[in-house]
Amino acid sequence: MAGVTPGPPRTLFPRSARHCPASSLCAAALTDDIGRPPQCSAEARAAAQIGGVEVRIRGCAGSESWRSGGWNCNTSLKAGAMGRTYLVEEGIGQYLTELSTKVKPYVTGLLIGQCSPQRDYVIRAVRTPPKEQQQEESVGPPKLASLDEEWITTHASQVSRMLPGGLLVLGVFMIASPELAKDGQNALRKLIFSVEKSLSKRRLWKPAEEEVSDRAALQICSATKKVVCRTYDVQDPKSSAKPADWKYQSALTASWVALGCTVNVNIHIPLLATSPNHDLEKNTKNGLNRWSKQIEDSVFLINGRVKDEDTELLEGQKKFRGNTQPSTQFSDVKVLTQLCQGTGARSTATVQVCSGSINLRGAVKCRAYIHSNKPKVKEAIQALKRDIINTLSDRCEILFEDLVLNEGPQKKNFGREYHVLPQRLFVPVAGSIVMLCDYKFGDEAAGEIQERFVEMLDQPVQAEDMHIAEDISTVDICPVTESPSETQQAQLTKANLLLKLQQNMGMFLPRFLLWHSRTCSGPFQDC
């Protein structure tokens with residue numbers, strides 16, 4: 001983590017490593033006001049059996065067994081009752097330790113990592129950057145009601161752009177003083193759903209039905225250092241908290257698998273004449289939506305081979321157990337896109353009156369990372385697909401944000417314009433094969449990128465560690481040179497357009513751009 005080098009095993013959160021997954025039901029997994037575990041009792045055992053959960057507890061007769069490491073909770077949970085397990089990079093414990101000494105009166109942040117069917121992996125924790133007015137306003141009793149939800153969700157959106165395929169915002173954390181602990185979980189629950197809602201609005205892809213939808217809420221008391229980890233199902237607005245295991249592990253990502261590909265992009269997006277004020281951003285997003293479906297339906301060759309999705313990604317490869325040094329296992333991927341939407345499906349032509357077009361051209365570098373615990377081919381392909389879609393969508397968002405800041409609201413009448421999309425750069429993470437990313441305009445200095453990494457990810461970056469991975473990609477906005485008047489447009493009925501289409505088959509109609517689909521031959525085209 002930022003400014004922290006790996007050290008000895010953590011001592012700040014000893015209880016989390018022995019935390020019982022059924023802690024919300026098991027009284028023996030709790031501590032009293034001075035940090036000692038209570039005596040096991042018949043009431044505690046009875047309470048632990050609520051909801052079909054049977055908990056057997058050994059070695060918790062008193063505080064001596066706690067201090068000597070004798071605390072041992074064995075859980076036997078029925079199907080559906082077991083909470084998720086989070087394997088956490090050991091450096092995160094040290095990072096949270098540093099934050100807990102500075103908390104006044106609370107600090108929030110994001111948990112970044114990867115979901116898998118068996119367990120989840122947390123590779124970074126990133127504090128929410130403080131607002132200037134928050135730094136000035138330190139008068140009065142502390143209240144969680146002052147939590148700036150919009151600021152935190154905006155931070156999550158910015159951070160998500162800096163994550164390669166396979167990584168996502170897994171949850172949120174809060175370190176708070178004891179007087180705020182009571183309301184902490186409610187605040188975390190609200191934040192989790194707000195962050196997920198904000199992130200889902202930006203996505204051009206839909207989560208799979210079998211995909212993990214639990215997100216973590218980590219609460220830490222700044223005084224007692226007690227850690228409570230719970231999860232909420234973000235697909236269920238009425239979801240209640242479920243207990244989760246929070247376990248630290250060194251060199252968590254040292255043996256992860258990296259996948260990379262280059263995708264050549266040439267997307268033509270029509271601007272309909274009926275579109276008010278030439279809403280370039282909205283039209284671009286609609287065009288990218290259509291393109292994203294092509295990517296979803298593409299065929300992915302991993303190291304030159306098509307692999308069955310249900311097979312293991314590392315099948316037949318030598319495994320290095322106990323490896324604590326980063327060792328890159330890189331898979332080169334080639335993407336083949338379908339020329340037509342489906343075999344045997346009849347395609348019909350549609351004619352639309354357009355006032356211009358947007359053309360996206362260039363080659364984009366995409367990268368994804370996947371855990372090394374028997375990953376499936378479909379997990380790896382899904383991670384890379386999403387990175388392909390996200391990286392182009394994010395660049396267009398960044399470009400339009402930059403245009404609004406520098407040029408103001410878009411004009412109703414516009415001329416032909418060329419814009420250069422920001423280039424993607426990658427930055428290594430110490431002790432890991434995983435690289436984070438950012439986007440750089442041509443006139444941006446390295447110092448601006450370094451400041452953004454510190455502000456968004458709380459990570460200092462050296463200029464020599466920033467690797468620009470690709471050439472320039474462009475956006476070409478083309479208006480029709482002689483736009484017809486509203487009276488002329490009204491006279492062009494559907495029958496007239498069809499007649500003109502027949503007369504000009506294979507050509508663009510005068511003064512109009514046409515967007516139509518047609519049947520094609522050949523199953524795939526190299527993208």
Side-chain angles (χ1 to χ4, degrees), residues 204-205 262-298 335-342 345 347-366 385 388-400 403 410 413-423 470-484 489 492 497-498 500-501 504-527:
L204 298 183
W205 45 266
T262 301
V263 178
N264 294 312
V265 175
N266 188 0
I267 305 173
H268 177 81
I269 304 169
L271 294 174
L272 300 182
T274 55
S275 179
N277 297 328
H278 303 298
D279 192 338
L280 300 181
E281 186 170 5
K282 184 177 180 180
N283 279 283
T284 301
K285 189 167 185 178
N286 290 338
L288 290 177
N289 258 314
R290 292 189 291 269
W291 170 79
S292 69
K293 291 179 174 60
Q294 291 182 330
I295 298 299
E296 292 281 4
D297 296 335
S298 298
V335 184
L336 305 178
T337 58
Q338 292 183 328
L339 288 173
C340 48
Q341 292 182 349
S347 182
T348 58
T350 59
V351 180
Q352 296 173 317
V353 180
C354 299
S355 59
S357 67
I358 301 172
N359 296 285
L360 302 173
R361 297 190 186 95
V364 294
K365 293 283 186 182
C366 305
K385 280 182 180 179
I388 295 170
I389 296 169
N390 288 343
T391 186
L392 192 55
S393 174
D394 289 344
R395 290 176 217 231
C396 290
E397 277 189 6
I398 294 169
L399 173 64
F400 285 119
L403 291 177
Q410 298 170 8
N413 298 316
F414 63 95
R416 183 161 189 164
E417 300 176 7
Y418 287 96
H419 298 285
V420 178
L421 288 172
Q423 294 172 284
E470 59 201 14
D471 295 326
I472 291 174
S473 301
T474 62
V475 178
D476 181 12
I477 303 174
C478 311
V480 174
T481 53
E482 296 181 12
S483 180
Q489 287 187 19
L492 288 172
L497 284 173
L498 290 175
K500 286 181 178 290
L501 178 61
N504 297 275
M505 190 62 67
M507 300 174 58
F508 285 124
L509 291 181
R511 299 190 299 181
F512 292 93
L513 290 176
L514 299 182
W515 181 251
H516 65 276
S517 59
R518 56 193 175 94
T519 55
C520 55
S521 59
F524 299 105
Q525 172 187 350
D526 184 356
C527 138

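In terms of heavy atoms, Arg290 sits closest to Ile269 at NH2-CG2, 4.2 Å. For Ile389 against Trp291, the heavy-atom pair with the smallest separation is CA-CZ3, 4.0 Å. Of all heavy-atom pairs between Pro270 and Asn283, the closest is O-OD1, 3.8 Å. Scanning both residues, Trp205 and Glu296, for their nearest heavy atoms gives CB-OE2, 3.5 Å. Nearest heavy-atom pair, Ser292 versus Asn289, reported as atom, atom and distance to 0.1 Å: OG-O, 2.7 Å. Heavy-atom minimum distance, Leu421 versus Arg395: CD2-O, 3.9 Å.
In this structure, Cys354 and Leu271 have side chains that are not in contact, with every pair of non-hydrogen atoms separated by 4.5 Å or more. Val263 places none of its side-chain heavy atoms less than 4.5 Å from the side chain of Thr391. Here the side chains of Leu204 and Lys285 are in contact, with some heavy-atom distance below 4.5 Å. At a threshold of 4.5 Å between non-hydrogen side-chain atoms, the residues Leu360 and Leu288 count as touching.
Here Glu397 pairs with Arg161, Arg202 under the side-chain hydrogen bond (donor to acceptor under 3.5 Å, both in side chains) rule; sequence neighbours left out.
Note that CG of Asn390 and NZ of Lys385 are 13.5 Å apart. Values are rounded to the nearest 0.5 Å. Note that the SG atom of Cys396 and the CD1 atom of Ile358 stand 8.5 Å from one another [nearest 0.5 Å]. The line from CG of Leu403 to CD1 of Ile398 is 12.0 Å long, rounded to the nearest 0.5 Å.
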